[in-house]
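Remember, it's a predicted structure, so these values are computed and weren't measured experimentally. Throughout, numbering of the chain's residues begins at 1 and tracks the sequence.
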Amino acid sequence: LLARKFNEMTLKLKYYNNQKSLLNKKLNDYNEKLEEKVKERTEQLKLIQQEVLSIFLQIPVGLLVINKNSEIMWYNHELMNIVELPHSASISRLKINEVNKFNDIRLTVILDDLSRKPAKQIVQYHLTFEKTRNPKLVEIAAQALLRNENDSDGVIFIIKDVTREVALEKKMLRDQRLENIGKIAGG
């Protein structure tokens with residue numbers, strides 16, 4: 001009886017060891033498949049990140065992203081052109097008030113306004129930079145970077161040089177007035 005129970009126990013132990021081996025093999029197969037999927041998804045995310053970064057850097061308006069500590073997180077080349085900073089200058093991780101060009105266009109004032117009420121704001125400023133003495137009309141759109149409805153992670157600034165557009169608009173209005181004067185004189 002003891003020998004028979006011992007043999008039964010040995011058979012059950014072999015059965016459980018076989019089951020354990022099968023389950024370990026399945027687990028290893030699942031791990032390999034999961035690792036392949038993770039690797040594939042990681043590559044896809046890297047491609048998407050590169051595309052988004054490429055778009056961010058090449059978009060034809062100035063973009064500036066600031067975290068809630070007023071540190072510059074992201075900026076693009078067009079922003080550097082608009083505020084006439086050299087492309088070699090690195091302003092990442094600087095506080096916004098440490099960059100004099102941004103103090104000129106009162107970005108800190110907009111930041112303070114957005115901290116009180118996180119609604120989109122659009123303002124226009126006339127700028128004259130020391131090097132060129134060419135006045136520029138800059139339109140700044142600021143939007144709180146919201147994590148959820150009330151919690152802000154920072155601010156996104158869209159800074160656009162609208163000098164040419166405003167000049168063309170003024171020229172078009174002047175041409176329309178002259179045309180109307182010509183019609184009245186012709187009448």
Side-chain angles (χ1 to χ4, degrees), residues 35-174:
E35 286 176 6
E36 286 177 27
K37 283 187 178 184
V38 167
K39 187 176 180 180
E40 185 179 304
R41 298 283 190 222
T42 304
E43 288 176 20
Q44 287 176 349
L45 282 174
K46 283 181 182 177
L47 287 174
I48 291 170
Q49 183 182 19
Q50 288 172 347
E51 288 175 11
V52 168
L53 184 60
S54 176
I55 291 168
F56 182 85
L57 292 175
Q58 294 180 27
I59 199 160
V61 294
L63 295 174
L64 178 66
V65 179
I66 298 170
N67 68 12
K68 57 184 168 185
N69 299 326
S70 299
E71 292 175 338
I72 298 168
M73 300 303 294
W74 296 89
Y75 58 94
N76 67 353
H77 300 299
E78 187 62 25
L79 173 79
M80 302 298 269
N81 292 337
I82 291 171
V83 296
E84 296 183 359
L85 283 171
H87 287 272
S88 60
S90 177
I91 57 175
S92 288
R93 294 291 179 191
L94 290 177
K95 295 243 184 224
I96 192 164
N97 58 3
E98 293 173 346
V99 181
N100 290 335
K101 300 280 186 169
F102 296 143
N103 291 331
D104 293 345
I105 54 178
R106 297 177 186 88
L107 292 185
T108 52
V109 174
I110 297 170
L111 270 176
D112 292 339
D113 289 346
L114 281 174
S115 66
R116 282 186 234 114
K117 50 181 169 111
K120 185 174 185 178
Q121 295 184 6
I122 298 176
V123 292
Q124 287 188 345
Y125 289 109
H126 290 277
L127 299 177
T128 303
F129 292 107
E130 297 146 15
K131 288 182 182 176
T132 58
R133 294 283 182 213
N134 291 330
K136 288 184 182 180
L137 181 62
V138 177
E139 182 178 275
I140 301 171
Q143 175 72 46
L145 183 61
L146 300 176
R147 185 179 322 142
N148 55 39
E149 289 181 23
N150 297 322
D151 196 14
S152 174
D153 270 351
V155 177
I156 300 171
F157 288 102
I158 300 170
I159 302 172
K160 185 177 178 186
D161 184 356
V162 292
T163 308
R164 285 188 64 208
E165 288 87 354
V166 170
L168 288 172
E169 200 173 287
K170 284 180 182 177
K171 184 180 183 304
M172 188 176 74
L173 287 173
R174 190 181 77 232

Subject >> Euclidean distance, E78 CD relative to F56 CZ, rounded to 0.5 Å >> reply: 12.0 Å
**OP:** Please report the closest heavy-atom contact between A142 and V155, naming both atoms and the distance.
**Re:** CB-CG1, 4.3 Å
Original post:
Does the side chain of Q58 come under 3.5 Å of the side chain of S54 through a donor N or O and an acceptor N or O?
Top reply: yes
**OP:** Quick one: closest heavy-atom pair of K160 and I82, and the distance?
**Re:** CA-CD1, 4.1 Å
Original post:
So which heavy atom on M80 is nearest to which on I91, and how close?
Top reply: SD-CD1, 4.1 Å
**OP:** Only one of E36, K37, R41, E43 passes side chain to side chain contact (heavy atoms under 4.5 Å, CB included) with K39; say which it is.
**Re:** E43
Original post:
Is the count of non-hydrogen atoms from other residues, nucleotides or ligands lying under 6.0 Å from Q44 atom CD greater than 12?
Top reply: yes
Original post:
Nearest heavy-atom pair of L57 and Y75: which atoms, and what distance?
Top reply: CD2-O, 3.8 Å
Original post:
What distance separates L53 CG from I48 CD1, expressed to the nearest 0.5 Å?
Top reply: 13.5 Å
Original post:
Quick one: does E98's side chain have a donor or acceptor within less than 3.5 Å of a partner on K95's backbone?
Top reply: yes
**OP:** Quick one: pull up CD1 in I159 and CG in N81 and give me the separation to the nearest 0.5 Å.
**Re:** 12.5 Å
Subject >> Candidates L64, L63, I59 - the one meeting side chain to side chain contact (heavy atoms under 4.5 Å, CB included) with I158 >> reply: L63
Subject >> Pairwise distance CD(E51) to CG(L47) - rounded to 0.5 angstrom >> reply: 6.5 Å
**OP:** Rounded to the nearest 0.5 Å, what's the gap from CE on M73 to CG on L94? Could you check?
**Re:** 12.0 Å
Subject >> Distance in Å, L79 CG paired with D161 CG, rounded so as to fall on 0.5 Å steps >> reply: 11.5 Å
